Amino acid sequence: MHEAAVAQDLLETISQQARLHDARPIRAKMSCGQLNAINDEVLRFAFEAISKGTRCEGVALDIEHKPLQARCKDCAQVYAVELPQVRCPHCGCDGFELLPDAPLILEEIEFEKE
Ligand SMILES: [Zn+2]
């Protein structure tokens, strides 16, 4: 299961940062693309399960899903792909190339303030 592996990675990274900062993490912000899209609920559930009893227990996960992007072949405008009709909002052209999907990234960890 994809989400379980992601949850495990998250837990390791957040724990490591928590040790470095010597603080309790309360929130983690992450983003992912469409093709590697994760199911938010499944990820939260998996994270909650494996973080029980650790310093990361109770960390809230903010997950942002970035849209797939395309570049117009005509005017080079970059825009978010909305299926099923992919059309440049700038010039109306329907020729496009898909840009690489956004990777799964842990963007920010918020720690409890003293
Ligand atoms: Zn265009």
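Note that the structure is predicted; figures quoted are calculated from it, not measured. Just so you know, ligand 1 is whichever comes first in the structure, and atom 1 is the first atom listed for that ligand. Throughout, residue positions are numbered sequentially from 1 according to the sequence presented.
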For E82, look at atom CD and say whether over 12 heavy atoms of other residues, nucleotides or ligands are found less than 6.0 Å away.
no
Closer than 2.8 Å to the Zn ion (ligand 1), do we get an N, O or S atom from C88, backbone or side chain?
yes
Please determine whether C93 has a backbone or side-chain N, O or S atom lying under 2.8 Å from the Zn ion (ligand 1).
no
Any chance you could measure C91, atom SG, to D74, atom CG, to the nearest 0.5 Å?
4.5 Å
Are there more than 12 heavy atoms of other residues, nucleotides or ligands under 6.0 Å from atom NE2 of H65?
yes
Opening angle between SG in C91 and SG in C75, taken at the Zn ion (ligand 1), to 10 degrees:
120°
Tell me whether L106 shares a hydrophobic cluster with I50, the cluster being built from Ile, Leu, Val, Met, Phe, Trp, Tyr side chains joined at under 4.5 Å.
yes
